[in-house]
Amino acid sequence: MKFRLKHEGPWAEIEKTLDMPTGKWRYRRPVVKFNKCSQCGWCYLYCPTGSVSVERDPFYIDLVYCKGCGICASVCPVDAIMMVEEV
Amino acid sequence: METNEKSELMVCDGNMACAQAVLLSDLDVIAIYPITPQSTLVEDICKFKAEGLLDAEILEAEGEISAMGAVMGASAAGGRTFTSTSSMGLNFMFDTYQMVGLSRLPVVMVNANRELSPPANVAASQQDIMGVIEAGWIHIHAENCQEILDSIIMAYRLAEDPDVLIPVTICYDGFYLSYLREPIAVPSRELVREFLPRRPRTVLGFNPPTLSCILATDSEAAELRYRHQAAFERAKDKIEKIDDDFRLTFGRSYGGLIEEYRLEDADIALVTMGSHTGTARVVVDKKREQGIKVGLIKIRVFRPFPQERLVEALRNKKAIGVIDRSVAFGWRGGHLYRELRTALYGLNIPIADFIGGLAGHDISIPLIEKVVDITHGVSKGMPFDEVTWLAMEEQ
């Protein structure tokens, strides 16, 4: 019997969350129109998975973890984010 | 009553005995919501806090589900926690109750066993706690007020053991114990603190950042369940060992998983759990005088179910009578009967089930005498009903 978990009970270090590429659940992806973006940062604040980063091109979306929920597109005040169906 | 210079003799009801244990166990967070027959426990704890005797933070929750939720968070953050409930309160708590169980958090709580509604009633029975036997908690049933206090102290030691890490519910029959006044020995705070050292465990923190209730893939989820089950097996040995340590420290012992009474040379055995065990002891003595070789097993620990000890103790008996205080709907008898039959599978001992004590019905001496007489008949090969409903026999 091989154990994979380090702890007794459902515990893990924070890196454990990186094991699960939740982007696989996505059926549509956010596409940012950078010419429209006002850099207000709402998508960054509202993203439930923390997939919007401001370090690289503002506002870069990490598609490994983005589940495609569309909250960023809904909150964007200048309609700079569009949800496009995955093919 | 055994006392030593390090304990104080007090007259307490079951709830007060429990409050005394809370006072002794060096707690951090208590979240409670009152419900009969556990309400005076909440009053006692709050009174201790008002008098400055209790250091713990008390959260007066707006319901049982949030009481357990608060306790869950506090325990995950590393605190030693306590809560309590009864009956419909336990039902309302179930969501967070099983989350604490499956999170392997060392929470200790008490349940004053009470009947469920309908029929509308506020009376004793073990129907409430039997609804949650498979939520991943250890269940210990006390027979008297002293055992309530002692079991709570032992429960913290057990739950926080690194080889166990399973929450514990101490169950005691509502009214019969919650409001029964008995003299009990209250040990000194110093001695209890020595018995309950703080043990390191995984808790929420920033260094390194730690998560609880993780998302797990299918094989990891299976591993969590497997290891939880394995911890239950380890808990059996730990319960025996902690009972032994408790005897060495405080001078009292409860036999670990089960307690045997005049069983060694007995032909037939009674099996009980909870407050009516005391009545059953009296009946065993009485029947022994009449020449019936009857013994008694008190099941203290219902989860993990003490199969090995029961097989060992009952293997040579000719017949067994089980007294159940709950109904396992969809199965003919009660829960204790069902579990015992499963545990003794292959031993071929006839087992008769007796359901009594529902909604505060008194499992009296004459009724237990009747149980012994029927079980005695069974051992002589007489035909018997698989299940006898004691309250309906009385009419």
Side-chain angles (χ1 to χ4, degrees), chain A residues 1-30 41-56 58-75 81 83-87, chain B residues 72-73 75-78 96 98-107 135-138 158-168 199-235 238:
Chain A
M1 189 88 53
K2 273 201 324 213
F3 289 160
R4 293 172 62 195
L5 298 167
K6 211 172 104 191
H7 299 269
E8 276 297 306
W11 291 89
E13 272 72 51
I14 201 83
E15 292 76 30
K16 172 81 173 77
T17 48
L18 303 177
D19 285 356
M20 190 164 282
T22 46
K24 280 195 201 155
W25 306 355
R26 193 177 59 235
Y27 76 96
R28 50 182 190 164
R29 66 169 67 201
W42 278 31
C43 54
Y44 168 75
L45 291 173
Y46 274 87
C47 175
T49 57
S51 297
V52 181
S53 82
V54 289
E55 279 104 47
R56 288 170 56 179
F59 286 80
Y60 167 79
I61 292 168
D62 188 343
L63 292 175
V64 177
Y65 298 108
C66 166
K67 298 176 194 170
C69 68
I71 288 176
C72 55
S74 298
V75 299
I81 303 178
M83 298 304 290
V84 180
E85 293 239 342
E86 294 281 0
V87 280
Chain B
M72 183 181 178
S75 184
T96 38
Q98 60 84 31
M99 279 184 82
V100 168
L102 302 181
S103 294
R104 308 275 308 271
L105 293 168
V107 173
W137 285 61
I138 290 170
L158 176 66
E160 291 170 3
D161 190 297
D163 288 335
V164 178
L165 289 174
I166 302 175
V168 182
R199 323 244 344 224
R201 60 182 169 96
T202 311
V203 295
L204 291 176
F206 294 108
N207 199 17
T210 319
L211 301 165
S212 71
C213 296
I214 54 167
L215 270 173
T217 57
D218 41 10
S219 72
E220 287 169 340
E223 183 184 323
L224 284 170
R225 297 290 182 264
Y226 175 90
R227 288 169 73 168
H228 197 162
Q229 190 79 297
F232 266 109
E233 288 303 311
R234 290 196 294 273
K238 292 283 177 186

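All figures in this text were calculated on a predicted structure; none of them were measured in a lab. So you know, we letter chains A, B, ... as the sequences are listed, proteins then strands, and number each from 1.
Contact between Trp11(A) and Ser103(B) at its shortest, heavy atoms only, is NE1-O, 3.9 Å. Of all non-hydrogen atoms in Glu223(B) and Arg4(A), the two that sit nearest each other are OE1-N, 2.6 Å.
You'll find the side chain of Ile14(A) stays beyond 4.5 Å of the side chain of Thr210(B), heavy atoms only.
Within a 6.0 Å sphere centred on CD of Glu13(A), other residues, nucleotides and ligands contribute more than 12 heavy atoms. In Met99(B), the CE atom is not crowded: 12 or fewer heavy atoms of neighbouring residues, nucleotides or ligands sit closer than 6.0 Å. In the displayed structure, Tyr44(A) atom OH is contacted under 6.0 Å by at most 12 heavy atoms of other residues, nucleotides or ligands. Within a 6.0 Å sphere centred on CZ of Phe206(B), heavy atoms belonging to other residues, nucleotides or ligands number 12 at most.
Within the 4.5 angstrom heavy-atom criterion, no atom of Ala221(B) approaches chain A. Only the side chain of Leu105(B) comes within contact range of chain A, with at least one heavy atom under 4.5 Å from a heavy atom of that chain. For a residue to count as touching a neighbouring chain, one of its non-hydrogen atoms must lie under 4.5 Å from one of that chain's; by this rule Leu215(B) touches chain A with backbone and side chain alike. In this structure, the portion of Pro208(B) lying under 4.5 Å from any heavy atom of chain A is its side chain and not its backbone.
Qualifying side chain to side chain donor-acceptor pair (under 3.5 Å) partners for Glu220(B), counting only residues two or more places apart in sequence or in other chains: Lys16(A), Thr217(B).
By number of non-hydrogen pairs under 4.5 angstrom with chain A, the leading residue of His228(B), Arg104(B), Arg227(B) is Arg227(B).
Between the NE2 atom in His7(A) and the CD1 atom in Ile214(B) there is a gap of 8.5 Å [rounded to 0.5 Å].
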